[in-house]
Every structure is written in structure tokens, then in C-alpha cells.
2 protein chains.
Amino acid sequence: MNDNLRIIPLGGLGEIGKNMTVIEYGDEIIIIDAGIMFPENDMLGIDLIIPDYQYLMDKLDKVKAVLVTHGHEDHIGALPHLMRDVDAPIYATPLTAGLIEVKLRRAKLLQDVKLITFQANDVLRIGAFTVEPFHVAHSIPDCVGFGITTPVGLIVHTGDYKFDHTPADGWPPDFAKLAEFSERGVLALFADSTNADRPGWTPSEMVVEEAFDKVFRQAEGRIIVATFASLISRIQQVADMAQKHGRKLAITGRSMRDNTKMARKLGYLNIPDDLIIDIDQLNSYPANEIAIMATGTQGEPSAVMGRLAQGRHRSLRIQEGDTVVFSAYAIPGNEEMVYRIVNRLFQRGANVLYERIANVHVSGHASQEEMKLLINLVRPKFLIPIHGELRHLKQHAVLGQKLGIPAENIAVVENGTPLELGPQGLTIGERMPGGYIFVDGAGVGEVGWSVVRDRDKLAQNGFFIAVVTTHNSNIIGQPDIISRGIINMAEAEDLLEGAKETMARTVKTYANSRKSLNKPIVEALNRYLYAETGKRPFVQVIVK
Amino acid sequence: MNDNLRIIPLGGLGEIGKNMTVIEYGDEIIIIDAGIMFPENDMLGIDLIIPDYQYLMDKLDKVKAVLVTHGHEDHIGALPHLMRDVDAPIYATPLTAGLIEVKLRRAKLLQDVKLITFQANDVLRIGAFTVEPFHVAHSIPDCVGFGITTPVGLIVHTGDYKFDHTPADGWPPDFAKLAEFSERGVLALFADSTNADRPGWTPSEMVVEEAFDKVFRQAEGRIIVATFASLISRIQQVADMAQKHGRKLAITGRSMRDNTKMARKLGYLNIPDDLIIDIDQLNSYPANEIAIMATGTQGEPSAVMGRLAQGRHRSLRIQEGDTVVFSAYAIPGNEEMVYRIVNRLFQRGANVLYERIANVHVSGHASQEEMKLLINLVRPKFLIPIHGELRHLKQHAVLGQKLGIPAENIAVVENGTPLELGPQGLTIGERMPGGYIFVDGAGVGEVGWSVVRDRDKLAQNGFFIAVVTTHNSNIIGQPDIISRGIINMAEAEDLLEGAKETMARTVKTYANSRKSLNKPIVEALNRYLYAETGKRPFVQVIVK
């Protein structure tokens, strides 16, 4: 057995993949978070990506707990997958637990999973680990980081945080607890790197409140605010503004309605009943007494904003005089889709406000000055940048070095790289294969890069399939041809004629050879189609 | 005949599409610019987009001139297409003409096109139009806007501009000329809106020079700078820095090499011969005496940076200690690919600097304060925001109104919307159908949205094609199945078995009916495949 503490970021570090960290000592494993991420533009047809937890599969009996920092998708989204394999309780604060419950119920797993709630400042004893959750500020309430006392020393994991002195829920981060950890001596700090390339200090949620106040003061028609369904704090801010400025609030988008209902029930959203109206009641109120909250800030065509942009929403139409607010940033890769929706909303007569032209969103993550404050508050021996792409981890490491942490005490590693902490200090192991798993349609892990590459080829070039029946160097009848995605059908007739001639010629040439006709026909078609279209479609031929 | 001046932005305004403006009076047409744009992420397989100039096709004899503002792709890229149809001279400044010449030569059109060079402050008399090019600052030298005296009045077209007092080529914009136009009275101002959502003043190119000076002072290994091939000013700046700091300069990427050669020949790039080395000579110099310029700032996998990130460049490998500078912004939609390359370069040991963490790029377009200065300098009766997405045009209109231009004198219109300027003032016509044309493989306009939608379906879902031979309610032999892009082949065996059973069952059920077997088999397969995979692949069946 190993006397070291082994920590493996399975989805928390590296180029891609969201947050999941495995902490192992002897026979005991605890897991922090299990998030999803959304596919990049070239991961065609993929719905979601979850961390690859193959490492756990022969150690499932060792897993004692899944600890969750907060209720955003990139921290809880993979739980419905993970909890099919892992038989251990989930620990979360009440709001986070509420959000997890919604997920597990949809996945029909709620009966099978033990969900234990804790409060910040509780002490959880889990096997060899003593876990002390501490409050942090982020863009969702009830958010924590963890101080974890292990047999080799105290480690601190921040989760997502920013040092917001005036957060939307009025509960600033627990600086005192961090200072207290520091007093005890922190072996390793695992800290959020998302904004490591942003200088300065992330603006407080208060800034958003002021921006909304201005929007609500000036808008003469309806106000439609789009944000993430799990941005509970933003929902509270918009509800407060609606109340202040005498507007009713309608909430649309299933996930946002579900989350709002749950958060109100648990007391994390304070919205009076008579403020809320149904989306179908909008016509009973004048435009300047209406506020609407909706999903779809990332350009998703099927979310509310996407449907509004295309005029395809069941009960809502953009009208002249509407003010639409995108209260979210566009995740890199989504900007183009987001701006297309913004343009279409302008086209339909709305005035559209977004981060760039009004302070209607601030980041939920610490910027460089906050990262420095954290490091100097906690004074860890080892710094392990987590959350973010490799470029962010690298910048975080640069900051750490500037504050005097020796380069060899900072570990910038990618997903699946085990870290060992022990009497010898910090050792970085060999990166394990794998990294993340595609969730696609009904399947998990049934689609890998090879399928995505096939899809990419089809997407770029289309396909061309012919069924040819031959007899004595001649094609009998007309070949059956099935083709899609190469050129417009109107222009395709000549192309198909040419392809048939190519096939006939090839059959004649090769008919008397002993070899299969298949390969020469495919090769001839490849050449012909490339010459005619400049494309290399997927070509296959069946010779009968 | 119409006494009005008709102006049609064919590629210059609106949601998408780049710059091309048609100006028509009586029997005469002049065209300003003919740019390309790069496809958005969901325009699968498309190489380029060019403006739809269908409007010109029955008026080609009227076209008297193609006037070009500057040599960037989004202003000259469609010329090789346009000049196959248009028989009129191209007018451009010497550097711009050099860049156009490179393009026309590659398209084997150089012999057929008359290319006339002019200088800023020349006066060009073209039929009813008197054209006065005036110098503007942008991120390429020899850049102009046009004052065009027409029978209805003077119009001013800015091209791309910023009010840079210290541009890289030392030639600030011609404020005096703008003031002089203003004196004469400007009917309409067509002004660049690209940065209309950026407050303040765009930083000068000088800022980039200072940032590079710091990079060159601090880097201990090789320096590799990536930028656009046509950003001639940036190439000059890097060459100057290489000389100042005792490094040789290698240029890689065909288009950048071609452009550099041409610009040096014409005297727009001042680089001494002994500064430049070939990429194959790098090994003869120590790392700290090498600077390299390369293409690929937009995440293109086949450009130099993309190949370096993947370790697939013929003669160059990233090594520990390299400093890589991305001296360009990522066009919306490209960020994800760009950052993936940044991450991979970090992974290979380079230190990577990009706009966010060092001032290694500034925009070439005016920000809000410059737009205001322009409007107040020119004092036009009508303002027509051009260049940029609809959201930018709208913001530009807001600025115009703030400066006192009445809302009814500002025309925010999309591509293909004709504007009439005449004694009655400004009238906005009906938008014409069309908008842009896809260039795909060897074809222009042979691929439209229907093909792209097919490709999208293939990209999301793959395809499944079966050839079934039947006799008396039975399938003879095994059906031939061709399928790609649905699930991994390793997991596909069960799926194929199930599909075969589905087909056999359907054949039995429908064999005695008079109807075609094709449709019921396709429907049964659709149901089966959706149930098994959650996907709706393209399904087709041939029954023999």
C-alpha cells in the first residue's frame, strides 16, 4: 500500500473536460464534483461530454463520498452518469442538493442515491478524511470550497469562486476560514484558474444590479432577460428589479422554471407569488409592466432565445420596442451563434443589450488580483491550478511564481495525470489514457473520435453510393445511386450521368481481370468526383 | 430613367457577407470592393462566401469601374470571381494593386483584367462620377476611402479606417480632406461600423510596437509571430524588431511569403535582404537570434500554427523555450479552434502570448469616439453604417442620433437592400432575394443551403443504407449494409444484427401487400435506429 495521497483530476484540468477530482488514500476515495461540458464545434452530433472515470471502475468499492461544491452543470452534470456506477452518498449544500435532486429525478435515479446535505462550516468525517466546507462567492448561492485534512496534510480546494464583497445573496466569501487554514498550514491549494488571463479584480454582482436598474428605468416596452438556467443569483436580481419597477415576471424554459421552483421552495430565491405570472398571461398586461426570463444565451437554436430569433416560439413573439438582455457571456466557440441570434432579434425590432454594450453580466470567477489574494491568504506549500484550459493553468502558475512559490512546487497537469503528495513532496505521475467520454443520442461512450471523424468527412464532402449489377463486362440496367451532401440536386444531373459513364467504362476495362470490380470502380469514382466537384465524398460501391 | 442615385450594398451590410457596394446612376455603375468572408461553423464543407451579385448580371455593360479601398481579403477576395463576369478596370493604390495582382495571377485572370493604379489625392473621372481617394489609416498601408461626387451630391465612403495618429507606416489619416469634403457639403456618409460596440478610441499601432519590443527583449529562445498574411504593417513591425534585437527573420506560409515579396518589391515593406533567412536555415543560428513569421491565427488546422500545434510542420518543430505570439484577434466563431492551438503549443513547451495577456494586437477599425469624430468632421446629411453585423450597424446608428442626425436620415439596412438618394431625400427599397454565394470545392454557387442542411444531418446522425434482395416474403442472402457516422464499429455488430432482423420482419409483414416494400422498410429502420441510438440517420433502402 501507498502512504501517499493520490489526487487525480479526471475532468478538472487540461485542455478540455470539466470538473471532477479523485482523492485517494489507502483504501478510501472521495470524489469532488462531476461536471459535464458541451461539445466543441467539430465534435459533430455529440450532445455532451463527461469525464472519463475508467480509473475508478475497479475501485468502486473504495469510493466513500461524492462532495459537490455548487450546482452548476459543469460541476454536477455528470452525476446522473457517475451515480449509475458509484454506490456512495453525495454531499452537498441544500441548494446544490436541490439542483442535483432535479437531475437525479429526471434520470430516475433518485431512489438509488443517498443525498446528504451539509452547511458551510460543518465538519464531515469521511474515513481518513476530515472535510470542512467553507463558503465562497460565485454566481450561484450556497457555493463552497473544501478544506480536507488528510493523513499527509491539509489540502484546500476552492471550487469556483470570486472574492465578491457584495454578492447577490449578501453572503461574502469566508476569508476568516481561509486564514485559519493558513494558520494550520496548507500542504496543497487546488485553485480555480478560469480567469487567470484577466488582470485586476472581477467586478461584483452589484455592478449587474446597477446595470439592470438602468435597463429597467429606461425600457419602454417589455424586458426579456436571457441567462443560464442555473444562475440563481441572476434570477433573484431580475426578480428584484421587476418588483422595484412595477413589472410582473414570467419565466420560460423548462430547466429555468424547474430550478426557480426548487430554489423558491428551499428559500434561496425570494420572489413573492404575486410577482410571477404565466407566459400565457402576458397579453393581460401592458408591455411596460412585463419582464420575462428565458434560457438560450449560448446560441442554442432550440432554447427560448433561439426560437424567438427565428419566430418559432409557441407563445412569445418579439415585437418592436422589446428590450432583450443577454445576461451571460458567450462560451468560446459559441460567439458566432450567439451574435447571429442577437442580429436576428435586432432584425425583429428588439433593442438588444449584451455584455459588451452594457454591464449586464459579470464573471463568476476570480481574476488575477483575487488569485493573488487567495494564494497569499492560504500560503500553500504546493499550488495546483485547476478549472480552465491549459493556457489558464499556465498563467495561474506564472502568478504563483511571482508570489514566491517555487516553480517545482506548482503542478500544471492535464486531465488524467495523477499527483502524489507525501513525505517526499509532490510527484507528478504518467498521464493515463482517455480523458473524456462522448454522450451521443441514447448512448454513453458508444461514439468515439473515429465516428466523429466519419461525420466530419460526411459533413465536408457528403457521400456517394452505387449499386451496380454486371454481366459480361456490361452493367445491367441503370446503377442505383444514393448520394447526399455533394452539390445541389439541380446541378447534379450531369454529375450523375458522368458517374454512370465512369462506372460503365471501368466495368468494361476490368471485367476480364480476375480481381474484384469493386476497388477499381471506387477509385474511378473518387477521381471523377474530385475532378468535377473538388470534393472527396465517402464513396462505396456494391457490385452484384 | 431614374434621376436618383441608387446604392446597393451587396456584401457590405447586414448579418453576414463582406464588402461590396454598387453605386448606380443612369447607365453607369461603379463598384466599391468585392470581398470574401469565411464560412460560419454550421456552413459545413464550405470554403468561402462571396457576395451575390446577381443584380449586376443583366447590367454588366454598365459597370465602368471597380474601386478598391485596400488589400485585405474581405475587400479584394471576391475579385477573381467578379472579374470573370465584369469587364471594367480595377482601380487601386499600388500596394493594393500588387495584392490583387497576386490573386488574379493565381486565378489565371491577370491577362484579362485592366488594373489601374492611383494615389490618394488623385482625382478619377469615371463617367458621371468624380472619385477622390483619400488616405485613411488601417492595419495595412496604402489604404483609402473615397469621396465621390455624383450628379445628386457628394458621398463619402470610408472603407476600413481608424484615426491612428501614429500608424506603422507613419502616414496618418487625411483629416484635412475630410474637412474639405465637409466644407463642400456631404450628402451621405458610408462609414465603417465594425467596432461600433467598443467605447473609447482604438489604440494606435504604436502600442503593438511597444508590446513587441518587450517580447523581443525578454524572450530567451526563438520568437514565432503569427498574423494575417495581408497584415503588411505587422510584418514591418516584426521585421523592425528583429533587426533592432539582432535576430534573423524567416517567413513561412505561402500567402505571407508572396505578399512580403510583392510589398518589398513595391517599397511598402522595408526589410534589408540580410535580415531574411529561409526557414530551412534556422539550424544555422542560435535560438535567441531567430524570429519567424507565420500564418494561422484563426485556428485553421492546415495553416502554419495549426501544423506546429499538431507537430506536423515539414521543417519546424516547437521546442521548449519558444515564444509564440498570436498577433491577431480571433474572428467570432474561431475562438475555440484558436485556443485549442494555443493550448497545444503550451503543451509542446512554448510560452504563448495572445491579445488578452499582452498588447500584441490592436484592432484596425475605429471605436466609438473615432466614429463620432468622423461624423462631426464630415457632417453628412445622411448616415449609412456599413461593414459589420446588424448589431454593429444599429449601435453606429445610435451614435449618429446622439450627434444630432435625425433617425429618419440614418439607414440601417441589410445586404441587397437598395437605397435611393435624390431630390426627395433617402428612400430605402425592398430587399432583393439572395445575399451570398457559397464557394465549395471546385464550384461556385453549386452548393446551397439544402446541401448544407443535408451535410448537417449527416454530421449529426450519419447514414444507413441497405440493399435487400427479396423473393416470396423472404430476404435472399444477407442484405448489404453501408453505414457511417452512427456509432463506433466495435459496438455496431448488435445494431447491424437488429437492423437485419427488423428488415426481415418487415419484408415478411408487407410481402403480400401490393405496395412497395421500400417505404415500410425505411420506416421500420428509422424507428429501430432511433430507439437503439437516439439518432435519426439518413436511411435509404434499395429493394432488388
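None of the values given here were measured: they were computed from a predicted structure. Labels below follow one simple rule: chain letters A, B, ... track the order of the sequence lines, proteins then strands, and each chain is numbered from 1.
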When rounded to the nearest 0.5 angstrom, what distance separates [atom1] in [X] from [atom2] in [Y]?
X        : Y        : atom1 : atom2 : result
A/Ile476 : A/His471 : CD1   : NE2   : 6.0 Å
B/Phe326 : B/Tyr339 : CZ    : OH    : 10.0 Å
A/Ile318 : A/Arg348 : CD1   : CZ    : 8.0 Å
B/Arg356 : B/His361 : CZ    : NE2   : 15.0 Å
B/Ile341 : B/Gln298 : CD1   : CD    : 10.0 Å

Engaged part of [X] at the chain A interface, taking heavy atoms whose separation is under 4.5 Å:
X        : result
B/Ile487 : both
B/Val447 : both
B/Lys457 : neither
B/Asn334 : neither

Closest-packed option against chain B by number of heavy-atom pairs under 4.5 Å, given [options]:
options                                : answer
A/Glu532, A/Arg391, A/Arg455           : A/Arg391
A/Gly445, A/Pro199, A/Gly485, A/Ala492 : A/Gly485
A/Lys544, A/Met337, A/His392           : A/Lys544
A/Asp440, A/Val398, A/Val352           : A/Asp440
A/Ile357, A/Thr533, A/Asp197, A/Asp454 : A/Asp197

Of the listed residues (B/Gly534, B/Ala459, B/Gly462), which shares the most heavy-atom pairs with chain A below a 4.5 Å separation?
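Most heavy-atom pairs within the cutoff with chain A belong to B/Ala459.
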Contacting moiety of [X], where chain B heavy atoms sit under 4.5 Å:
X        : value
A/Asp456 : neither
A/Ile486 : backbone
A/Ile482 : side chain
A/Ser450 : side chain
A/Phe438 : neither

Between B/Asn351 and B/Asp322, does a side chain to side chain contact (heavy atoms under 4.5 Å, CB included) hold up when you go through it step by step?
CA-CA 6 Å; B/Asn351 182 30; B/Asp322 282 349; over 6 Å; no
B/Phe463 vs A/Phe463, test: ring-ring contact (aromatic ring centres under 6.0 Å, His included). Steps then yes/no.
CA-CA 9 Å; B/Phe463 72 87; A/Phe463 72 85; 4.1 Å; yes
Does the side chain of A/Gln395 come under 3.5 Å of the side chain of A/Gln368 through a donor N or O and an acceptor N or O?
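Short answer, no.
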Please say whether the positively charged group of A/Arg484, taken as NZ for Lys or CZ for Arg, lies over the ring of B/Phe538, i.e. under 6.0 angstrom from the six-membered ring centre and within 45 degrees of the axis.
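No - A/Arg484 does not lie over the ring of B/Phe538 by the 6.0 Å and 45° rule.
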For B/Tyr530, is the NZ or CZ atom of B/Arg536 found under 6.0 angstrom from the centre of its six-membered ring and inside 45 degrees of the ring axis?
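Yes, B/Arg536 sits over the ring of B/Tyr530.
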